[in-house]
2 protein chains.
Amino acid sequence: MTSTAPAATTPEDLLRGVGLRVTAARIAALRAVGDQQHATADDVLSSVRDELGTVSVQAVYDVLHALTDAHLLRRIEPAGHPARYERRTGDNHHHVVCRVCGTIGDVDCTVGHAPCLTPNDDHGFVIETAEVTYWGLCPGCSA
Amino acid sequence: MTSTAPAATTPEDLLRGVGLRVTAARIAALRAVGDQQHATADDVLSSVRDELGTVSVQAVYDVLHALTDAHLLRRIEPAGHPARYERRTGDNHHHVVCRVCGTIGDVDCTVGHAPCLTPNDDHGFVIETAEVTYWGLCPGCSA
DNA sequence: CCCTAAACTGGAATCATTCCAGTTGTGTGA
DNA sequence: TCACACAACTGGAATGATTCCAGTTTAGGG
């Protein structure tokens with residue numbers, strides 16, 4: 001680790017920036033997801049416990065909700081898998097999910113900027129976002 | 001309703017066509033999903049029970065799996081909602097989900113045929129399908 | 001440095017779905 | 001036409017992710 005760069009936004013600053021109280025659990029969770037992109041709530045729980053000792057399950061869910069609501073984290077929920085969290089927020093990127101092992105990769109939206117965002121028949125729905133999930137096999141499982 | 005056309009493929013024929021045994025539960029489930037597009041397992045359970053009397057929870061899940069595996073049904077799983085089943089299979093259509101009430105609408109893929117199917121960086125994944133979910137508000141909830 | 005709302009604890013509950021072991025029923029081969 | 005093997009179904013218990021709840025602790029503004 002040896003956190004060299006003092007200039008980079010610290011977890012504390014991030015939290016204060018969105019008006020959230022600074023707590024050990026939040027800092028630890030933020031770092032956990034930074035270290036392990038696409039972490040599950042359970043991954044975060046282990047990671048936070050490694051760092052802080054005893055932390056309740058509920059605390060981790062609360063933290064993840066708070067951070068997600070504040071847009072410091074983004075939650076993705078691939079069908080048939082527990083929810084996963086990532087730090088890349090704000091950009092319109094999507095995901096590849098491996099059918100075999102569940103590994104997830106990030107995919108940038110290439111065609112223009114928001115390709116399928118405008119269906120011709122929207123059934124009168126007011127559409128806010130389009131989410132693309134690619135299903136396939138990861139390098140390891142396609143062997 | 002008044003099922004006039006005798007030529008149309010019957011549930012029995014559909015089942016035999018894919019090599020599945022013809023059972024009352026399967027016929028009822030197939031009709032249930034036909035009547036109520038995007039039905040949940042629970043919707044199907046009620047519907048099948050209305051028609052046949054006592055049917056076990058497990059039977060409905062078994063039936064839905066069998067029909068899904070045989071491509072007579074397609075399963076969709078919007079984040080935060082129980083799985084839903086539909087009869088439109090084989091075509092590459094997508095879904096709009098209402099953030100408020102969970103109502104689902106079908107959306108045909110317009111841009112070309114499979115718009116976002118080819119991300120430029122696929123991380124070495126072998127991609128099989130692309131699934132698009134639009135999130136927004138249905139006509140009722142946007143009022 | 002004190003107090004209040006926000007955050008956290010720990011245990012029970014919920015919901016969709018699956019597991020399991022025993023019973024029933026479809027449809028094929030004799 | 002019928003028996004029998006295996007697929008399908010029964011019913012009850014178990015699972016896994018997540019949430020609810022009521023009481024306790026703590027961050028940080030006044």
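Throughout, a chain's letter reflects where its sequence line sits, starting with A, and its residues are numbered from 1.
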First-last contacting nucleotides on DNA chain D - partner chain B, under 4.0 angstrom, heavy atom: D:dC6 to D:dG11

Could you label the plane-to-plane angle of the B:Tyr61 and B:His65 rings as parallel, tilted or perpendicular, counting under 30° as parallel and over 60° as perpendicular? tilted

Answer yes or no: is there a donor N or O on one side and an acceptor on the other, between the side chain of A:Arg99 and the main chain of A:Leu137, under 3.5 Å? no

Under the salt bridge (charged side-chain N to carboxylate O under 4.0 Å, His left out) test, residues paired with A:Arg21 that sit two or more places apart: none

Please work out which residues in residues 64-89 of chain B have a non-hydrogen atom less than 4.0 Å from an atom of DNA chain D and list them by number. none

Considering all heavy atoms of both residues, which atom of B:Trp135 and which atom of B:Ala79 are nearest to each other, and what is their separation? CH2-O, 3.6 Å

Mapping A:Ser56 and B:Tyr61 to their closest nucleotides on DNA chain C, which lands nearer the 5' end? A:Ser56

Going by heavy atoms in the side chains, are A:Leu64 and A:Leu73 under 4.5 Å from each other? yes

A:Glu86 meets the salt bridge (charged side-chain N to carboxylate O under 4.0 Å, His left out) criterion, sequence neighbours left out, with A:Arg74

Assigning hydrophobic clusters by single linkage (Ile, Leu, Val, Met, Phe, Trp, Tyr; side-chain heavy-atom cutoff under 4.5 Å), is A:Leu67 placed with A:Ile76? no

Give the minimum heavy-atom separation between B:Ile27 and B:Pro11, together with the two atoms involved. CG2-CB, 4.0 Å

When you group the ILVMFWY residues by side-chain heavy-atom contacts below 4.5 Å and let the links chain together, are A:Leu20 and A:Leu14 in the same group? yes

In the single-linkage hydrophobic clustering (I, L, V, M, F, W, Y; side-chain heavy atoms under 4.5 Å), do B:Val63 and B:Leu52 co-cluster? yes

Distances under 3.5 Å only, N/O to N/O: pair up the protein atoms with those of nucleotides 27-30 of chain C.
| from | atom 1 | to | atom 2 | distance (Å) |
| --- | --- | --- | --- | --- |
| C:dG27 | OP1 | B:Val22 | N | 2.8 |

Take B:Asp43 and B:His38 through the test side chain to side chain donor-acceptor pair (under 3.5 Å) and record every step on the way to the result. CA-CA 9 Å; B:Asp43 293 334; B:His38 307 133; over 6 Å; no

I need the residues from residues 39-52 of chain B with at least one non-hydrogen atom less than 4.0 Å from DNA chain D; give them sorted by number, or say none. none

For B:Ile104 and B:Arg84, work out which heavy atoms get closest and say how close. CD1-CD, 3.1 Å

